Amino acid sequence: MARSAGRSIPSLALLAAVALLARPLAAQDNPPFWRWVDARDGFCIWYLADPAEAPGLLPAGVTPRPATEIAELPGILRRIVQDEPRFAAWVPGLVCVGRFAVVAANGEPVANIEQEGHPVLYVLSALAARGGGGGDDLEWQLLELGLDAGPLDRIGNDLEISSEDRSLPVRQGVEGEDDQWSLRLDGAELIWSGHRTGESRVGSTRMMSFGYVGRRNSVWRIDLQTSPGTEQEQVGSLRVEGRGGLARALKSSPIRAVAALQAGGEATMTFRRGSSRTP
């Protein structure tokens with residue numbers, strides 16, 4: 001997306017998104033939180049990692065959880081596990097992407113679509129696991145937090161919340177053509193070609209919690225809540241390239257399910273210190 005001319009006059013849509021950040025949140029007084037407003041698009045990719053590959057993706061001392069130990073899984077993954085018992089021991093994984101108009105840290109706007117010339121971005125890569133130090137109730141370990149959101153990475157680093165620089169080049173298809181995007185992370189490249197299908201529906205609020213190992217061996221619990229305005233199914237093909245551990249896990253998965261596309265609404269990430277780890 002090209003940078004807009006005359007950026008001294010923000011669009012009405014952007015002003016409305018920034019105004020939403022003034023609403024109070026319960027988490028605002030204590031733990032650090034990031035708030036992402038007005039999703040331009042967002043989605044998750046779900047897969048099952050071979051138990052032989054999964055341990056190599058996780059930090060030391062963190063062990064994979066099989067699909068049978070995860071309370072909530074997308075229906076398509078549940079059906080594979082039920083229909084093919086050999087996959088019950090495989091480890092659920094996900095890659096989630098969100099592109100938004102505005103992001104704020106602790107209530108203060110940090111970056112927006114007009115400043116950056118493109119939507120601000122987060123990327124989450126996670127695997128079902130236990131023992132990450134973020135809390136015994138956690139079912140997921142965050143493998144990577146990726147950002148393209150102005151100075152938000154520096155704000156995170158100051159808190160010892162490490163992140164990677166990521167981008168999501170998107171080509172919107174003209175009438176009759178599929179949209180295309182590509183994402184590089186942890187030695188893998190994910191390339192999608194597809195389009196929306198069916199009617200859009202009102203979005204559903206979802207919550208997930210992750211353990212995370214940050215800078216200087218710090219340990220965090222990250223609570224993610226997404227509240228999209230709408231959701232719409234999408235169909236297409238996902239190609240995986242690369243030779244790293246994540247690429248191998250994605251390639252060997254019996255399914256790589258691209259979930260519904262989300263738009264509008266908001267997402268929040270709340271960061272809480274977990275128990276300390278030994279190096």
Side-chain angles (χ1 to χ4, degrees), residues 1-3 36 38-50 53 57 73-80 87 90 92-101 113 116-127 143-149 164-201 203-204 206 226 228-265 267:
M1 181 182 299
R3 293 182 181 269
W36 309 76
D38 188 12
R40 298 309 163 94
D41 44 49
F43 55 89
C44 290
I45 301 162
W46 293 83
Y47 64 97
L48 290 171
D50 188 326
E53 292 284 352
L57 298 174
L73 285 176
I76 191 167
L77 262 66
R78 285 200 309 271
R79 288 193 293 272
I80 288 176
F87 290 124
W90 286 46
L94 60 87
V95 175
C96 291
V97 172
R99 300 197 312 153
F100 291 79
I113 189 171
E116 302 301 317
H118 53 74
V120 292
L121 169 75
Y122 73 69
V123 178
L124 305 177
S125 175
L127 206 64
L143 307 179
E144 179 182 302
L145 170 61
L147 297 173
D148 185 3
E164 300 291 337
D165 294 331
R166 296 300 176 203
S167 63
L168 187 77
V170 177
R171 186 184 72 81
Q172 302 288 343
V174 298
E175 186 175 357
E177 291 184 344
D178 284 343
D179 297 339
Q180 294 182 345
W181 56 255
S182 62
L183 173 67
R184 295 178 184 270
L185 72 165
D186 195 21
E189 182 176 10
L190 284 60
I191 304 164
W192 166 260
S193 179
H195 59 271
R196 306 179 190 205
T197 185
E199 298 293 327
S200 64
R201 58 184 182 270
S204 300
R206 298 180 177 86
T226 57
T230 62
E231 296 176 319
Q232 188 173 6
E233 298 300 328
Q234 48 184 339
V235 295
S237 61
L238 178 67
R239 188 168 83 251
V240 179
E241 297 182 355
R243 299 182 179 180
L246 178 61
R248 292 195 300 271
L250 283 161
K251 288 177 181 180
S252 64
S253 175
I255 185 70
R256 295 187 293 271
V258 180
L261 197 65
Q262 303 176 343

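Worth knowing before you read on, the calculation uses all heavy atoms, side chains too, and leaves out hydrogens, waters and symmetry mates. Because the structure is predicted, anything quoted here is derived from the model rather than measured.
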Any side-chain heavy-atom pair of Ile45 and Leu238 under 4.5 Å: yes
CA sep, side-chain torsions, deciding dist, call: Trp192, Leu190, side chain to side chain contact (heavy atoms under 4.5 Å, CB included): CA-CA 7 Å; Trp192 166 260; Leu190 284 60; over 6 Å; no
Show your reasoning for whether side chain to side chain contact (heavy atoms under 4.5 Å, CB included) applies to Leu246 and Leu185. CA-CA 8 Å; Leu246 178 61; Leu185 72 165; 3.8 Å; yes
Heavy-atom closest contact (Asp38 atom, Gly264 atom, distance): OD1-CA, 4.2 Å
Looking only at heavy atoms, what is the nearest atom pair of Leu127 and Ala49, with distance? CD1-CB, 4.1 Å
Pair listing, salt bridge (charged side-chain N to carboxylate O under 4.0 Å, His left out) test, anchored in residues 178-194, at least two apart: Arg184-Glu189
Mind checking the CD-OG spacing from Glu177 to Ser193? Nearest 0.5 Å is all I need. 9.0 Å
Looking only at heavy atoms, what is the nearest atom pair of Thr197 and Gln232, with distance? O-CG, 3.6 Å
For the backbone of Leu250 and the side chain of Ser253, can you confirm whether one donor and one acceptor N or O come within less than 3.5 Å of each other? no
Counting C-beta onward and ignoring hydrogens, is there a side-chain heavy-atom pair between Leu145 and Glu164 closer than 4.5 Å? no
Does any non-hydrogen side-chain atom of Ile113 lie less than 4.5 Å from one of Val120? no
Can you check whether Tyr47 reaches Pro92 side chain to side chain, under 4.5 Å on heavy atoms? no
What is the minimum heavy-atom distance between Ser204 and Pro228, and which atoms define it? O-CD, 3.5 Å
Using only atom types and a distance under 3.5 Å, with no angle test, would you say the side chain of Arg78 pairs donor to acceptor with the backbone of Leu73? yes
Applying side chain to side chain contact (heavy atoms under 4.5 Å, CB included), run through Trp46 and Ile76 and close with a yes or a no. CA-CA 9 Å; Trp46 293 83; Ile76 191 167; 5.9 Å; no
Quickly, which of Asp41, Val170, Ile191, Val97 forms a side-chain contact (heavy atoms from CB on, under 4.5 Å) with Trp181? Name it, please. Val170
Going from CG on Leu261 to OG on Ser200, what distance comes out if it is rounded to the nearest 0.5 angstrom? 10.5 Å
Quick one: which residue pairs count as a side chain to side chain donor-acceptor pair (under 3.5 Å) with a foot in residues 237-250, not counting sequence neighbours? Glu53-Arg248, Arg239-Glu241
Between Ser125 and Val95, which heavy-atom pair has the shortest distance, and what is it? OG-CG2, 4.2 Å
Give, for atom CD1 of Ile255 and atom CD1 of Ile80, the distance between the pair rounded to the nearest 0.5 Å. 4.5 Å
Does Arg201 have any side chain to side chain contact (heavy atoms under 4.5 Å, CB included) partners at least two apart in sequence or in another chain, and if so, which? Glu231, Glu233, Ala260
Tightest non-hydrogen contact, residues Ser252 and Asp50, listed as OG-CB, 4.1 Å
So CH2 of Trp36 and CZ of Arg99: to nearest 0.5 Å the spacing works out to 12.5 Å
Does the side chain of Leu147 come within less than 4.5 Å of Leu121's, by heavy atoms? no
For Thr230 and Gln262, run side chain to side chain contact (heavy atoms under 4.5 Å, CB included): C-alpha distance rounded to whole Å, both residues' side-chain angles, the deciding distance at 0.1 Å, then the answer. CA-CA 6 Å; Thr230 62; Gln262 303 176 343; over 6 Å; no
